[in-house]
Amino acid sequence: MKQITNTVLMIRPVAFRMNEQTAVNNYYQKVIEGLLPATVNAKAQQEFDALVTKLRGVGVNVIVVEDTETPNTPDSIFPNNWISFHHNGDVVFYPMFAENRRLERREDILDIIEAEGFVIENCVDYSSAEEDNLFLEGTGSLVLDRDNEKAYCALSPRASEELLIEFCEDFDCAPVIFEAFQTVGQERKLIYHTNVMLSIGSTFAVLCSEAIDDKQERKMVVENLKADDKEIIYITEKQLNSFAGNMLEVLGAGNKKYLVMSTAAFESLTAKQKEQLEKHATILHSNLDTIEACGGGSARCMLAEVFLEKRP
């Protein structure tokens with residue numbers, strides 16, 4: 001198994017905006033006052049294109065697929081929530097909380113991936129769980145440590161424990177289950193996706209441990225990461241709000257490791273944290289202000305990793 005890949009799928013938006021259906025439990029989303037929808041989408045496209053250029057510039061293989069005008073999918077820029085691609089040739093479709101996000105699942109994307117030379121053996125489709133109001137939003141809900149066969153999951157309205165267990169049985173990995181919270185007004189509310197507060201690289205992990213209110217659960221998560229020799233870089237809830245937990249390690253040219261994040265995340269980090277991270281990977285950051293504000297997601301959410309084998 002390998003933890004990181006050289007190939008990512010990215011979906012270029014055509015109608016990006018704040019999605020009112022996801023805003024009910026994604027407390028990072030906000031309306032940018034005074035901007036027309038077309039302007040918001042144009043800004044998101046500029047940010048998207050700039051990130052693609054930077055990734056390709058260091059040798060990351062980026063498969064860009066244009067979104068379609070219909071159906072209306074304002075969050076299509078975040079494909080990692082509905083699909084994942086695995087070493088064993090499996091592709092997984094996930095059940096989505098927001099009804100308009102279910103429309104993002106596109107079979108034609110499999111043809112595009114295969115046209116790039118990747119081998120798909122099998123489709124595992126959990127999406128029928130939506131009928132029972134059970135959800136598991138891909139590598140937003142699941143932060144996978146592939147090397148050590150573990151799936152970290154902060155339970156939330158978008159991450160069902162029942163489905164997590166099913167996924168772990170199907171993919172032969174051990175679940176690491178906890179709850180993570182953020183302060184919204186005066187209340188502690190569940191964080192909607194695990195990948196906002198935890199990122200696992202090949203030799204390190206970025207963790208907002210103060211989001212795990214239960215001390216036993218916090219200890220359990222930290223012990224799991226340490227047992228697998230991950231250097232833990234701790235971030236604060238304030239840094240979490242700048243998407244400092246939402247980063248992804250990828251492989252560039254010559255198997256050089258890069259850690260992809262937004263400029264807001266990068267600027268929230270201390271000099272010491274940057275130094276700790278740079279021991280493991282070269283930081284690559286790009287401005288994603290519009291995408292973060294309206295979408296409530298950041299760099300990691302935009303990247304669906306492709307771990308499939310290539311045809312010989």
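Residue numbers start at 1 and run along the sequence shown.
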Count the heavy atoms of every other residue, nucleotide or ligand shown that sit under 6.0 Å from NZ of Lys215, and state whether that count exceeds 12.
no
For Ser84 and Tyr94, what are the C-alpha separation, side-chain angles and deciding distance, and is it a side-chain hydrogen bond (donor to acceptor under 3.5 Å, both in side chains)?
CA-CA 8 Å; Ser84 62; Tyr94 294 93; 2.6 Å; yes
Are Val306 and Asn6 packed together at the side-chain level, in the sense that at least one heavy-atom pair is separated by less than 4.5 angstrom?
no
May I ask you to establish whether Lys279 and Phe204 are in a cation-pi arrangement, using a distance under 6.0 Å from NZ or CZ to the six-membered ring centre and at most 45° from the ring axis?
no
Working note: Ser262 + Asn287, criterion side-chain hydrogen bond (donor to acceptor under 3.5 Å, both in side chains); need CA distance, chi angles, decisive distance, verdict.
CA-CA 6 Å; Ser262 70; Asn287 181 317; over 6 Å; no
Output, in order, the C-alpha distance, side-chain angles, deciding distance and verdict of side-chain hydrogen bond (donor to acceptor under 3.5 Å, both in side chains) for Gln273 and Thr270.
CA-CA 5 Å; Gln273 288 168 324; Thr270 65; 3.3 Å; yes
Pairs under 3.5 angstrom only: tabulate donor-acceptor contacts from the side chains of residues 161-172 to other protein residues two or more places apart or in another chain.
from	atom 1	to	atom 2	distance (Å)
Asp170	OD2	Tyr126	OH	2.8

Can you measure from CG (Leu155) to CZ (Phe178) and round to the nearest 0.5 angstrom?
8.5 Å
Taking the six-membered ring for Trp and the single ring otherwise, decide whether the centroids of Phe307 and Phe85 are under 6.0 Å apart.
no
With a cut-off of 6.0 Å (strictly less than), are more than 12 heavy atoms of other residues, nucleotides or ligands near CD of Glu114?
yes
Kindly compute the distance separating OG (Ser199) from CE (Met197), expressed to the nearest 0.5 Å.
11.0 Å
Minimal heavy-atom distance between Leu225 and Leu198, with the atoms involved, is CD1-CD1, 4.2 Å
Run His280 and Glu231 through side-chain hydrogen bond (donor to acceptor under 3.5 Å, both in side chains) and show every step you take.
CA-CA 9 Å; His280 301 277; Glu231 181 187 358; 2.6 Å; yes
